[in-house]
Amino acid sequence: MSKEDVGITVSKNEDFSEWYTQVVLKAKLADYAPVKGLIVLRPDGYAIWESLRSTFDKKFAKNGIRNGFLPILIPESLLGKEQKHFAGFNPEVFWVTHSGTNEIGDKLALRPTSETLAYTMYSKWIRSWRDLPLKINFWNTALRAEIKATKPFLRTSEFLWQEGHTVHTTQEEAEKEVMKILEIYKNSVEDELAIPVTTGKKSEKEKFVGAVYTTTMESIMPDGKALQMGTSHFLGQNFSKPFEVKFADKNNVEHFAWQTSWGISWRLIGAMIMTHGDDKGLVLPPNVAPTQVVIVPIYKNDEGKEKILSKVDGIKNNLESKEIRVHVDDRSELSPGYKFNDWELKGVPLRIEIGPKDIEKQSMVIAKRYNREKSTLSFNEIEKISIILDEIQKEMLKNAKEQARKNTIDISEYTEFKSKIEGGGFINAPWCGKSECEEKIKEETGADIRVIPFDSENSNLKCVYCQEQSVSIPIFARGY
RNA sequence: GGGAUUGUAGUCUAGCUUGGUAUGAUACUAGUCUGGGGGACUAGUGGUCGCAGGUUCAAAUCCUGCCAAUCCCA
């Protein structure tokens, strides 16, 4: 194996798909499991998920949402209670048909999503308006058999996610909750993962099966394809009726409740890899990086080593006292150059190099991962590290926004639409609101309506497909 | 859903056409020297050739089925 083969061997620009797979595997985020479509998360990958999870948990808690846990098996009779919902998921459900050697009469689904199970429970728990709102979030996995080619984090047959399920007394309150969650999602993804998102509604065709409407956040990836980053659904009474989620109001009149459900998954990790990674490997935003700062000590002999390591130890303790996640790479068998490349592959946001020259000058070399810039920082400026990490976080979002902006264009003419879609990206194009046009466009170009952004109503233009009066300007794109 | 390609040690790989018990590199272990961008030398360790059948005196190699992965197109 040559020197070049140790790291990422293809360029992000030239072979995006292969590049992505290599980054996931070589940065040791995940590996393939022995069953088609399943992956194993390794500690560096899981740590990112844990970081996201803790961010969301804090924000959910502030919004009065608590965590619960649901079982993985759902009887077919339950799953089938809401017909449209069932029809939408049935093709990709894994079924448990046996317990030991005995056949199970009412076969059991490995949950593709838990609305039916959660609401069966909710109907038992809710009696009065005093029981509402009921807001529970569940961190678990969902299973959906993927027939299409799978890709780590982006399309797998089992994925980590959270699904939140809330119940309200009024439509207004439920709809407000839908928006509140979407806002939490957007802020978290932008602040933590440094990925800009566009929020809005899904079209009728693309909405969650069983929902009244679906709100979504969408991002554009560097290869020009769109990725759905999270959804928040207004379920109306579509589930409360078949599942009899009812409450008695203050006048003791019984009503069906109003519900929402919402989720994000480890797809967000995939989005982060694609958005920020480069030809050297992964690039992690400081806020979610399991290791934010790696220190590489450099020394020539044992007595130099003692001196350097004691200095390094002091710096490490200093940074740790400021809640910075630091790792000292004291592996003696590897050269500094090897370590530099290794940590760049793993995406650690900031590297500190400390060697004899630095001790002499009372300073250290710091190298930023996202732009690979090196500079020096004197020992007495150590408190600046937190500021630098914050700046990196902000710069990464800024760069990602710029990248997204470059990948977005306005088009009103169909011929141009068809030619531009080949290059990928978000296309803002006026639309009449009819599903036929949406379907035709999908058929002819492969692009669908990713999101109808909030405030994109517009009746002054002509539908890009049928030339009738427009109702909005949705974002069209080919998606993952 | 359609097409193309692939599976040999942790990783990459030679061998397959023409069957005879697997090549090299890297990684790993030990030691010495080294150390500011993927170090050097020496000596070692590591293999159900993806899985299951079949053909054969003999299968990594030929045949059948299965499993898994990658890429491209819808």
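So that the names make sense, note that chain A is the first sequence line, chain B the second, and so on, each numbered from 1. The basis for the numbers below is simple: all heavy atoms, side chains too, and nothing from hydrogens, waters or symmetry mates.
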> Salt bridge between A/Arg351 and A/Glu344, side-chain N to carboxylate O under 4.0 Å?
Replying inline: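 Between A/Glu344 and A/Arg351 there is a salt bridge, with a charged N closer than 4.0 Å to a carboxylate O.
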> With sequence neighbours left out, which residue pairs that include part of residues 461-473 of chain A fulfil the salt bridge (Lys or Arg N to Asp or Glu O under 4.0 Å) condition?
Replying inline: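 Listed by first then second residue: A/Lys434-A/Glu468.
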Restricting both atoms to N or O, compile the protein contacts to nucleotides 40-47 of chain B shorter than 3.5 Å, with distance only.
none

> Looking at RNA chain B, which of residues 355-365 of chain A put a heavy atom within less than 4.0 Å of it?
Replying inline: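 Residues of residues 355-365 of chain A under 4.0 Å from RNA chain B: A/Gly355, A/Pro356, A/Lys357, A/Asp358, A/Val365.
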>> If you take any heavy atom closer than 4.0 Å to RNA chain B, which residues from residues 329-345 of chain A end up in contact?
In response: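 Result for residues 329-345 of chain A: A/Ser332, A/Leu334, A/Ser335, A/Pro336, A/Gly337, A/Tyr338, A/Phe340, A/Asn341, A/Asp342, A/Glu344, sorted by number.
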> Taking only residues two or more places apart in sequence, or in another chain, which ones meet A/His327 in a ring-ring contact (aromatic ring centres under 6.0 Å, His included)?
Replying inline: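 Per chain and number, A/His327 pairs via ring-ring contact (aromatic ring centres under 6.0 Å, His included) with A/Trp343.
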>> Using the ring-ring contact (aromatic ring centres under 6.0 Å, His included) criterion, which residues pair with A/His276? Sequence neighbours excluded.
In response: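 With sequence neighbours excluded, A/His276 shows a ring-ring contact (aromatic ring centres under 6.0 Å, His included) to no residue whatsoever.
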>> Within the 4.0 Å limit for protein heavy atoms, which parts of nucleotides 69-74 of chain B are touched? Write it as a string from 5' to 3', B for base, S for sugar-phosphate only, - for none.
In response: SSSS--
Just to verify, what does [X] make a salt bridge (charged side-chain N to carboxylate O under 4.0 Å, His left out) with, not counting sequence neighbours?
| X | value |
| --- | --- |
| A/Lys81 | none |
| A/Glu438 | none |
| A/Lys148 | none |
| A/Glu92 | none |

I'd like a table of atom pairs between the protein and nucleotides 4-9 of chain B - only N or O on both sides, under 3.5 Å - with the distance next to each one.
none

